[in-house]
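Heavy atoms only: backbone and side chains are in, while hydrogens, waters and symmetry mates are out.
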Amino acid sequence: MYDAFIRGDVPSVLSVLDPEIEWLEAENFIYADRNPYIGPNAVLEGVFMRLATEWDGFTVSPEEILDAGEIVVARGYYSGTYKKTGMQVRAQLAHFLTLRDGKVIKFQQYTDTAQFERAVSG
């Protein structure tokens, strides 16, 4: 999933999301305004499309992925430049993904929300 996201292969990312996925952006994150996102289309429209249109060079760089059975934890960094302000971020991330039958049924993000808020507000 992360390799597909890095390549910009959004259809492959969406294909591993359960039709009823519950996607939660971190509290106070700039895209938490529509939490919870239910279903792949909600994630596409509310998160992925906003990242693609509002940021230059936005990347997710996982440094470690831990397999805990039905739960996978990823640790790494986000980076990119917010187009409207020209401000860059390099923020730590932690993702908790709950799996069932090879699909992600729940996603919970944790990140440095203050850094994103500063980038957006200039």
Side-chain angles (χ1 to χ4, degrees):
M1 183 175 100
Y2 287 102
D3 289 340
F5 191 87
I6 291 166
R7 289 191 315 271
D9 184 358
V10 174
S12 290
V13 175
L14 295 175
S15 74
V16 300
L17 304 183
D18 186 83
E20 299 299 319
I21 185 171
E22 179 183 11
W23 185 286
L24 296 160
E25 295 290 289
E27 291 180 10
N28 300 310
F29 188 63
I30 57 174
Y31 301 132
D33 57 335
R34 301 181 195 170
N35 274 351
Y37 296 88
I38 304 296
N41 284 336
V43 175
L44 174 64
E45 293 171 10
V47 181
F48 295 168
M49 292 301 294
R50 291 160 89 182
L51 289 170
T53 60
E54 297 175 6
W55 293 84
D56 280 326
F58 188 86
T59 60
V60 177
S61 303
E63 294 189 345
E64 183 176 34
I65 297 176
L66 306 168
D67 179 354
E70 291 182 354
I71 296 178
V72 172
V73 179
R75 181 189 61 77
Y77 289 88
Y78 292 123
S79 60
T81 303
Y82 194 68
K83 290 179 182 180
K84 288 183 181 176
T85 63
M87 294 189 69
Q88 296 180 342
V89 297
R90 184 169 191 281
Q92 291 180 318
L93 68 82
H95 294 162
F96 288 74
L97 298 91
T98 304
L99 308 174
R100 183 176 59 221
D101 299 327
K103 298 279 189 178
V104 181
I105 62 168
K106 185 172 184 180
F107 173 92
Q108 174 66 63
Q109 171 210 49
Y110 297 95
T111 192
D112 180 354
T113 59
Q115 198 175 146
F116 281 93
E117 184 60 37
R118 281 193 301 272
V120 169
S121 63

- Query: Ignoring hydrogens and geometry, is there a side-chain-to-backbone donor-acceptor pair from K103 to S15 under 3.5 Å?
  - Reply: yes
- Plane angle bin for H95 and Y78 - parallel if under 30°, tilted between 30 and 60°, otherwise perpendicular: tilted
- I6 with F107, same ILVMFWY side-chain cluster at under 4.5 Å: no
- Report whether I38 and L97 are members of the same hydrophobic cluster (ILVMFWY, side-chain heavy atoms less than 4.5 Å apart, transitive linking). no
- State, yes or no, whether a side-chain contact exists between Y82 and V89 at a heavy-atom distance under 4.5 Å. no
- Query: Is the side chain of E63 donor-acceptor paired with the backbone N or O of Y77 at a distance under 3.5 Å, no angle test?
  - Reply: no
- Note on the structure: Here the salt bridge (Lys or Arg N to Asp or Glu O under 4.0 Å) pairs for residues 21-38, sequence neighbours left out, are D33-R50
- Are I71 and V16 co-members of a hydrophobic cluster defined by side-chain heavy atoms under 4.5 Å apart? no
- Does the ring-ring contact (aromatic ring centres under 6.0 Å, His included) test come out yes or no for F96 and Y110, once each step is laid out? CA-CA 8 Å; F96 288 74; Y110 297 95; 5.7 Å; yes
- Message: I'd like to check S12 versus D3 (side-chain heavy atoms, cut-off strictly below 4.5 Å). Are they in contact?
- Response: no
- Output the distance between atom CZ (R90) and atom OG1 (T59), rounded to the nearest 0.5 Å. 9.0 Å
- Query: How would you list, by chain and number, every residue that makes a side chain to side chain donor-acceptor pair (under 3.5 Å) with R7, sequence neighbours excluded?
  - Reply: D9
- Minimum heavy-atom distance L14-P40, with the two atoms named: CD2-O, 3.7 Å
- Check whether the ring centres of Y37 and Y31 lie less than 6.0 Å apart, and answer yes or no. no
- Are any side-chain N or O atoms of T98 and backbone N or O atoms of I105, one a donor and one an acceptor, separated by less than 3.5 Å? no
- Message: Taking the side chain as everything from C-beta on, heavy atoms only, tell me whether V73 gets closer than 4.5 Å to E64.
- Response: no
- Test item: Q109 side-chain N/O and A26 main-chain N/O as donor-acceptor pair under 3.5 Å: yes
- Item | The single option from F58, W55, W23 passing ring pair (Phe, Tyr, Trp, His ring centres under 6.0 Å) against F48 | W23
- Check the hydrophobic clustering (I, L, V, M, F, W, Y; side-chain heavy atoms under 4.5 Å; chains of links allowed) and say if V10 and L51 are grouped together. yes
- Message: I want to check something: taking the side chain as every heavy atom from C-beta on, are V72 and L66 in contact at a cut-off of under 4.5 Å?
- Response: no
- Item | Set of side chain to side chain donor-acceptor pair (under 3.5 Å) partners for S121, sequence neighbours left out | none
- Query: Side chains of K83 and D56: closer than 4.5 Å at any heavy-atom pair?
  - Reply: yes
- When every non-hydrogen atom of F116 is compared with those of T111, the smallest separation belongs to CE1-OG1, 3.8 Å
- Message: Any non-hydrogen side-chain atom of F29 less than 4.5 Å from a side-chain atom of N35?
- Response: no
- Message: Membership question, hydrophobic clusters at under 4.5 Å side-chain separation (ILVMFWY): are L44 and L24 in the same one?
- Response: no
- Query: Could you give the distance from NZ (K106) to CZ (R100), rounded to the nearest 0.5 Å?
  - Reply: 12.0 Å
